[in-house]
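Here is the structure we will look at, set down as structure tokens.
Here is the naming used below: chain letters follow the sequence lines, and residue numbers restart at 1 for every chain. The structure displayed is predicted, hence computed values, not measured ones.
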Amino acid sequence: MSTVLTTPEAPGRRSLTELLTGGSRARRLIWLIGGAVVVLAAVRLISGENDLTSSSTMSAALLLAVPIGLAALGGLFSERAGVVNIGLEGMMILGTWGAGWAGYQWGWEAALLGGVLFGALGGLLHALATVTFGVDHVISGVAINILAAGIARFLSELLYTDNPAGGGVTQSPALSSKPPTVSLPILSSGPDLLGKVEQHHWFLISDVAGVLRGVTNNVGVLTVLAVLLIPASYLLLWRTAFGLRLRSCGENPWAADTLGVAVYRTKYIAVVISGALAGMGGVFLVFIAGIYRENQTGGRGFIGLAALIFGNWRPGGLAVGASLFGYSDALQLRSPAAVVALLLLVAVLLAYLTVTQAMKGNVLQSAIAGVIAVAALIGFLTIDVLPPGIVSFTPHLTTLLVLSLASQRLRPPQADGLVYRRGES
Amino acid sequence: VSRLRRLGPALFAPVLAVIVAVLISSAVMAALQVNPLKVFEVMVDFGQTPSQQITALVVIVNRAIPLFLAGLAVAVAFRMNLFNIGVEGQYRLATIIAAAAGAAVSLPAPVHVVFIVVVAMLVAALWAGLVAVLKVTRGVSEVISSIMLNFVALGLASYLLTGPFRGSAPASNIVSTSQIPESGWVPSLNWIFDALGLANPPRQLYGFLILAAVVGVAISVLLNRTRFGYDLRASGMSPSAASASGVNASGMVVKTMLLSGAVAGLIGLPDLLGATHAYTTNFTAGLGFLGIAVALLGRNKPGGIAFAALLFAFLDRALVPLQIAAFPASVVTIIQGTIVLAVVIANEVARRVTRRAAERGTAEAAAPTTGPTPGGSTDARQEVQA
């Protein structure tokens with residue numbers, strides 16, 4: 001009797017753990033996102049900060065996640081081909097400038113083209129330095145960041161200071177046309193069913209409605225394009241011969257060379273695509289503002305790089321990373337009070353880390369995580385509103401926290417960052 | 001002669017880089033219909049009277065001092081293959097906290113200055129130490145974490161300036177910390193001009209120059225003449241070889257970042273203690289990023305960094321004259337950026353040329369018995385000697 005009872009239970013338990021932690025990446029991702037929504041909904045209910053999952057926060061989060069995601073996607077192409085790309089920020093700056101310059105003259109389509117082209121030029125420069133001349137990748141990237149800021153300033157000073165269309169040393173004239181936006185019919189426009197559900201602030205249901213409405217209401221065409229680029233990149237890199245060759249350059253270029261892959265050319269193509277995508281991220285920022293402004297990128301290229309690392313150099317992972325950073329950025333911009341509620345989330349996550357590290361026997365790390373968790377909890381209970389200087393770095397601090405929680409299980413491409421010279425090992 | 005031959009490639013790369021950068025930026029300017037010759041003329045024009053010329057020199061040296069310290073901070077980490085991109089945040093946070101601490105205490109003159117210097121070094125070292133701890137305990141790349149900590153540090157600095165450390169009147173235009181009392185100032189070196197019988201300019205030459213020189217020598221001795229320096233350079237060249245010979249890799253990362261941060265803490269002090277005496281909203285920014293460029297141009301050696309800092313300071317001085325002459329002042333940034341890119345490429349080319357020459361040399365010497373040595377080991381040995 002007992003055997004009959006236990007046999008159905010054992011596979012049942014196995015399939016549950018399988019469901020939660022095993023299985024395909026895609027399934028784990030869905031669980032991760034679902035879990036995040038549930039935790040957020042709970043935190044919203046406890047703290048009473050409805051902005052945590054409101055559709056306006058979510059649509060802002062999407063707007064802020066897209067440029068980070070595009071930069072991260074750019075990093076994916078480059079680093080999968082073995083070239084570390086710290087220069088993403090600079091390529092993004094070039095993209096914003098190109099978009100502003102082409103956009104005020106010929107409208108938004110030209111802005112997209114101009115930004116992508118300028119970003120690609122930055123990528124070409126990085127490829128020239130790292131692939132042809134064998135310069136250290138990080139050094140070349142840093143140099144490109146310095147240079148790109150200088151070029152953008154120089155060109156603006158030259159072309160915009162006495163421009164009858166407007167603009168100045170630090171900004172371009174306004175774009176001459178705005179990119180169109182789309183909404184999902186019935187659910188988030190017209191009758192707006194999701195909007196109505198969201199208004200009730202029901203646990204979980206309203207939260208899900210808020211998230212869905214945020215990402216389907218008044219979405220720009222470039223956003224749609226950017227979201228589609230994520231699965232497209234996956235298909236290109238993991239399901240085509242070109243993708244296999246590109247990744248082989250990042251894992252073992254010497255072996256790739258012996259198999260007849262044109263390593264230098266593949267790396268060039270990858271880094272130029274990388275620059276073009278980062279430039280597109282810049283275009284997106286220009287679309288939001290309707291104008292090119294100096295320092296518009298605000299370090300988003302770097303955050304994109306962090307999203308890539310967080311996402312374990314995979315398209316789905318980097319999309320999650322970009323959403324996370326976009327979300328924390330949106331929260332700090334829209335509702336500084338809601339940032340305090342994030343402290344509760346931090347406390348929960350770090351409490352989890354304290355327990356897991358203690359179980360592994362890492363007393364020091366466990367203690368550090370525990371202290372910070374308690375501090376975050378005290379912060380949540382005592383602070384009403386954080387001062388603006390402190391709120392401004394929410395996304396960066398989130399990046400750091402997430403990386404330090406996740407970093408050890410990540411696996412970069414094997415030959416990432418190594419200078420490859422044909423015929424030398 | 002052997003000394004000269006060794007100096008040859010070391011000088012070759014930076015000189016070539018500067019020439020290439022000047023040519024490229026001239027081409028860019030010409031393409032955009034700005035006369036490069038006129039721009040360069042403005043850059044080298046130091047004024048008519050001796051007083052004006054010496055003032056220009058003082059401006060250059062004053063600017064070079066923080067650039068030198070920034071380059072040094074970056075170079076210390078570079079020598080063991082660590083990228084301390086966080087110098088910017090480290091010095092900004094250190095400067096504002098040191099400014100507030102210096103204004104809050106009253107001490108006799110020399111002690112007061114030492115106190116401010118120590119506070120700045122400690123704050124920056126701790127901030128850099130965070131990067132090291134995250135790297136060795138959690139495996140977070142120092143590049144990403146130091147960039148993120150830059151944003152956090154700048155946010156904190158702006159919060160401290162507008163919040164708890166605010167010393168200026170609420171209505172005033174420029175927000176600043178309280179003024180540091182005169183016992184905490186570093187006196188200027190302008191007596192040198194009188195002693196040398198030169199025109200004494202109205203601009204004050206920072207007394208911090210002496211401290212910067214001392215730090216430069218100290219770092220040079222530490223890197224080249226001590227066990228710690230040897231371990232540091234060895235870890236940079238071959239982490240596996242270093243740890244095989246008993247160097248604690250994690251410990252070295254932490255110590256190196258603490259040292260790099262401590263030097264970074266000094267960057268803001270020449271301006272703070274020599275001129276402004278308070279941290280304001282428009283306190284000199286961007287020195288950390290320029291420091292990376294300066295370190296690369298100076299090939300991570302204190303002497304080279306000093307030259308690179310002077311060159312960058314010379315370019316920076318031209319900003320105001322260029323604006324007055326109605327030229328785009330950002331030409332300076334373009335030249336600086338091109339120099340950096342050109343110098344890293346030239347360094348790489350020069351390294352390969354010397355390596356090939358060395359391979360030929362060993363091949364000839366050892367040909368009868370063993371044949372050519374593998375490239376890597378020759379190269380590493382050479383770099384240790386250089």
Of the backbone (N, CA, C, O) and the side chain (C-beta and beyond), which part of [X] lies under 4.5 Å from a heavy atom of chain B, both, or neither?
X        : answer
A/Leu155 : side chain
A/Ile368 : neither
A/Ile86  : side chain
A/Val142 : side chain

Residue selection (most heavy-atom pairs with chain B, distance under 4.5 Å) from A/Ala148, A/Gly134, A/Ser140, A/Ala129: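 Of A/Ala148, A/Gly134, A/Ser140, A/Ala129, A/Gly134 has the most heavy-atom pairs under 4.5 Å with chain B.
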Handout entry: Selection from A/Leu397, A/Leu128, A/Ile139, A/Ile144 maximising heavy-atom pairs under 4.5 Å formed with chain B
Key =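 Looking at each of A/Leu397, A/Leu128, A/Ile139, A/Ile144 in turn, A/Ile139 comes out on top.
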| Under a 4.5 Å heavy-atom cut-off, does chain A meet the side chain of B/Val344, its backbone, both or neither? |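 Backbone plus side chain of B/Val344, per the 4.5 Å heavy-atom cut-off to chain A.
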Task: Part of B/Val34 lying under 4.5 Å from any heavy atom of chain A - done: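 Interface part for B/Val34: side chain.
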From [atom1] ([X]) to [atom2] ([Y]), nearest 0.5 Å:
X        : Y        : atom1 : atom2 : result
B/Leu290 : A/Ile146 : CG    : CD1   : 6.5 Å
A/Asp136 : B/Phe78  : CG    : CZ    : 7.5 Å
B/Leu341 : A/His126 : CG    : NE2   : 10.0 Å
B/Leu134 : A/Leu403 : CG    : CG    : 9.0 Å
B/Ile147 : A/His396 : CD1   : NE2   : 10.0 Å
A/Leu305 : B/Met148 : CG    : CE    : 8.0 Å

List the atom of [X], the atom of [Y], and the distance in Å for their closest heavy-atom pair.
X        : Y        : answer
B/Ser330 : A/Glu157 : OG-OE1, 2.5 Å
B/Met29  : A/Phe154 : CG-CZ, 4.4 Å
B/Gly155 : A/Ser392 : CA-OG, 4.1 Å
B/Phe151 : A/Phe302 : CE1-CD1, 4.5 Å
B/Val143 : A/Val138 : CG2-CG1, 4.5 Å
A/Ile309 : B/Ile144 : CD1-CG1, 3.5 Å

Q) Who pairs with A/Arg293 by salt bridge (charged side-chain N to carboxylate O under 4.0 Å, His left out), at least two apart in sequence or on another chain? A)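 Counting only residues at least two positions away or on another chain, A/Arg293 forms no salt bridge (charged side-chain N to carboxylate O under 4.0 Å, His left out).
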Check: Should we count CZ of A/Arg422 as having more than 12 external heavy atoms under 6.0 Å?
Finding: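 Result for CZ/A/Arg422: open.
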inquiry  = Name the residue from B/Leu149, B/Asn150, B/Val152 that meets the side-chain contact (heavy atoms from CB on, under 4.5 Å) definition with A/Phe393.
reply    =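 Going through B/Leu149, B/Asn150, B/Val152 one by one, the side-chain contact (heavy atoms from CB on, under 4.5 Å) with A/Phe393 is satisfied by B/Val152 alone.
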Below 4.5 Å, heavy-atom pairs only: which of B/Ile345, B/Ile339, B/Thr333 has the largest tally toward chain A?
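Between B/Ile345, B/Ile339, B/Thr333, the count favours B/Ile345.
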